[in-house]
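As the structure is a computational prediction, the values presented were derived from the model and not from experiment. By convention here, the first residue in the shown sequence is residue 1.
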Amino acid sequence: MSSVRWLHDLAHLFYPRLCLACKGTLPLVEEQICLKCQYQMPKTGQYALLENAFTEIFWGRVRMETGAAMYYFSKSGRVQKLIHQLKYSNQPEIGRQLGVLYGQLLATQPHYTAVDAIVPVPLHPRKQHLRGYNQAAMFGKGLSESMQRPLFSHALYRPIFTDTQTRKSRQERLENAMRSFDVQQPDLLRGKHILLVDDVLTTGATLEACASCVLELPGTRVSMATIAMAGD
């Protein structure tokens, strides 16, 4: 056994790596989320369908090619715990790893291979400074790696600092979101099929507002992907 491997094993004995979803011991060959959790977390399967429960939310609201969430989430479930750690516990690698895993699935579908670039929903600069990163951009980074498409992290801009949307009604969220985004780098997006990405789909107000900005540019098309959406 090499000295490097021996040191790794010793460190693992005294400081075991834990799966961020179930808190079980994480084998050295697995990253962040154990294989058991990856298998057991509630997948939507939406990526294989052009129209699905995700796209239905946007019917009559915004023109889109397709969209899908990776998982369903429920209160206190593993997916919700992962997203909470991604957003509030300084764990950006969760987003990147989930993006890599989902990008591998999206890359198998013709309606996603047509995507030209990936654009994350932006945070206001003040909020991003406080958090240290944009969780949607970390998810987008993983998607970019496995789909082999460019990530335009600064194509959209959020000039208005808004309060948390958690307790707002659907109409309040939409009104709040519609005035909150601008296109900052139109030349990167014009004429392209853009995959808009965010962490969670709730009412769809934020993604709708971002898509509306992008679709004002000539020749653009929009699809969407999120880590999760609420289950049935």
Side-chain angles (χ1 to χ4, degrees), residues 12 15-27 29-49 52-58 67-106 120-124 127-128 130-143 162-174 176-177 196-208 224-232:
H12 189 64
Y15 303 100
R17 298 164 63 245
L18 301 179
C19 170
L20 294 174
C22 69
K23 301 303 181 183
T25 302
L26 195 64
V29 295
E30 297 175 14
E31 296 184 26
Q32 302 282 331
I33 307 164
C34 71
L35 291 175
K36 182 179 179 181
C37 282
Q38 290 181 34
Y39 177 77
Q40 292 183 343
M41 286 193 296
K43 301 176 182 66
T44 70
Q46 294 166 346
Y47 72 96
L49 303 171
N52 51 61
F54 187 108
T55 61
E56 287 176 8
I57 291 174
F58 296 93
M70 186 176 186
Y71 298 116
Y72 290 115
F73 75 88
S74 57
K75 187 175 180 181
S76 300
R78 294 181 184 184
V79 176
Q80 187 187 54
K81 290 177 182 177
L82 275 178
I83 291 173
H84 189 274
Q85 290 178 88
L86 168 63
K87 294 177 71 170
Y88 305 116
S89 298
N90 194 30
Q91 297 282 357
E93 270 301 301
I94 293 174
R96 190 198 68 81
Q97 186 183 357
L98 291 175
V100 168
L101 293 172
Y102 206 34
Q104 291 168 354
L105 295 176
L106 298 185
V121 169
L123 291 178
H124 186 273
K127 183 173 287 187
Q128 183 160 334
L130 290 172
R131 185 167 293 165
Y133 55 90
N134 176 0
Q135 71 276 4
M138 294 306 301
F139 180 53
K141 181 179 180 181
L143 290 168
T162 55
D163 296 330
T164 180
Q165 302 251 66
T166 305
R167 295 181 177 83
K168 288 182 170 62
S169 68
R170 176 174 173 174
Q171 185 60 33
E172 288 172 332
R173 289 185 186 212
L174 182 58
N176 205 28
L196 278 175
V197 300
D198 204 359
D199 53 353
V200 176
L201 171 67
T202 49
T203 66
T206 298
L207 282 165
E208 179 182 354
M224 302 178 187
T226 65
I227 296 172
M229 66 181 290
D232 297 333

Kindly say whether [Y] contributes a backbone atom to a donor-acceptor pair with the side chain of [X] at under 3.5 angstrom?
| X | Y | result |
| --- | --- | --- |
| Gln97 | Glu93 | no |
| Tyr72 | Met41 | no |
| Asp198 | Leu201 | no |
| Lys141 | Ala136 | no |
| Gln38 | Ile33 | yes |
| Asn52 | Ala68 | no |
| Asn134 | Val121 | yes |

Sub-4.5 Å side-chain heavy-atom contact between [X] and [Y]:
| X | Y | result |
| --- | --- | --- |
| Leu98 | Tyr71 | yes |
| Arg131 | Leu123 | yes |
| Tyr102 | Leu143 | yes |

How would you list, by chain and number, every residue that makes a side-chain hydrogen bond (donor to acceptor under 3.5 Å, both in side chains) with Gln40, sequence neighbours excluded? Arg78
List in chain and number order the residues that pass side-chain hydrogen bond (donor to acceptor under 3.5 Å, both in side chains) with Gln85, two or more places apart in sequence or in another chain; answer none if no residue qualifies. Lys23
Set of residues satisfying side-chain contact (heavy atoms from CB on, under 4.5 Å) with respect to Ala69, sequence neighbours excluded: Thr44, Gln46, Phe54, Thr226, Met229
